[in-house]
Amino acid sequence: RPQEAQEHWGEVLRLVPAAAPSPALSALRAHALLHTGQRAEALALAQRIPPTHRHPVIADLRQRLAATGSATAATP
């Protein structure tokens with residue numbers, strides 16, 4: 001099922017624009033980038049999300065980036 005998961009994350013990348021209109025959508029796109037192996041792009045996008053935004057998707061993204069070794073760059 002990993003192939004199916006990759007297809008679903010690819011669909012997220014297709015549907016959510018790079019300049020997402022909200023921090024939560026930006027976080028969703030960053031999740032998709034991370035899951036499709038585009039870690040640097042996910043980190044760059046996560047860094048543009050203001051630290052004042054509190055949303056479960058954003059919190060989860062920051063935790064996942066921390067788990068992949070990007071904690072210092074992704075944590076506000």
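For the salt bridge (charged side-chain N to carboxylate O under 4.0 Å, His left out) test, residues two or more places apart in sequence or in another chain that qualify with Glu4 are Arg1. Residues that satisfy the side chain to side chain contact (heavy atoms under 4.5 Å, CB included) test with Ala40, not counting sequence neighbours, are absent from this structure. Contacts of Gln38 classified as side chain to side chain donor-acceptor pair (under 3.5 Å), with partners at least two apart in sequence or in another chain: Thr36.
Taking CG of Asp60 as the reference point, atom CZ of Arg62 lies at 11.5 Å (rounded to 0.5 Å). Once rounded to the nearest 0.5 Å, the distance linking OG of Ser26 with CD1 of Ile49 reads 5.5 Å. Summarising the geometry, atom CG belonging to Leu34 is positioned 7.0 Å from atom CG belonging to Leu61; distances are rounded to the nearest 0.5 Å. A distance of 8.5 Å separates OG of Ser22 from NE2 of His53, quoted to the nearest 0.5 Å.
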Can you give me every donor-acceptor pair (side chain of residues 10-21, partner residue at least two apart or in another chain, under 3.5 Å) with its distance?
unit_1 : atom_1 : unit_2 : atom_2 : d
Glu11  : OE1    : Arg14  : NE     : 3.4
Glu11  : OE2    : Arg14  : NE     : 3.3
Glu11  : OE2    : Arg14  : NH2    : 2.6

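Within the structure, every pair that satisfies the ring-ring contact (aromatic ring centres under 6.0 Å, His included) test and touches residues 29-48, not counting sequence neighbours, is listed here: Trp9-His35.
Of all non-hydrogen atoms in Ile58 and Pro23, the two that sit nearest each other are CD1-CB, 3.8 Å.
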